[in-house]
Amino acid sequence: MSVYGVYDMCGNTWEWCSTRSQEDPVRYELKGSAFTSPFFRATPSKFNDASPLMMDDDTGFRCAISAEELRAQLER
């Protein structure tokens with residue numbers, strides 16, 4: 001469980017982060033682990049990175065919105 005009370009936030013796909021891990025050639029940090037990875041890698045502290053040109057089926061991104069913004073969107 002995360003500090004925000006959310007369960008199971010890792011293990012579905014590696015998630016792209018905006019943090020660059022290398023400049024030349026550019027690579028970006030990945031977090032979370034994926035269904036294709038061994039279980040011991042399913043921790044946010046494990047380092048992984050990739051080229052922005054990589055196209056694996058186990059890498060994606062997470063969309064997030066605050067509860068307040070979600071309510072505002074639903075009330076429109």
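One-based numbering along the sequence shown.
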Can you sort out the partners of Pro38 under side chain to side chain contact (heavy atoms under 4.5 Å, CB included), two or more places apart, ordered by chain and number?
-> Phe40, Arg41
Is atom CZ of Phe47 surrounded by more than 12 heavy atoms (other residues, nucleotides or ligands) closer than 6.0 Å?
-> yes
Can you list the residues that meet the side chain to side chain donor-acceptor pair (under 3.5 Å) rule with Glu69, with sequence neighbours excluded?
->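 Testing Glu69 for side chain to side chain donor-acceptor pair (under 3.5 Å), a comparison that skips the adjacent residues, returns Gln73.
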Minimum heavy-atom distance [X]-[Y], with the two atoms named:
X: Leu30; Y: Trp16; answer: CD2-CE3, 3.4 Å
X: Lys31; Y: Lys46; answer: NZ-O, 4.2 Å
X: Thr13; Y: Ala34; answer: CA-CB, 3.8 Å
X: Asp56; Y: Met54; answer: OD2-SD, 3.3 Å

Between atom CG of Asn48 and atom CD of Glu15, what is the distance when rounded to the nearest 0.5 Å?
-> 12.0 Å
Report yes or no: do Ile65 and Leu74 belong to one cluster of Ile/Leu/Val/Met/Phe/Trp/Tyr joined by side chain heavy-atom distances under 4.5 Å?
->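 In one cluster with Ile65: Leu74, yes.
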Determine, step by step, whether Thr19 and Tyr28 satisfy the side-chain contact (heavy atoms from CB on, under 4.5 Å) criterion, reporting the C-alpha distance in whole Å, the side-chain angles of both residues, the deciding distance to 0.1 Å, and the verdict.
-> CA-CA 6 Å; Thr19 306; Tyr28 287 93; over 6 Å; no
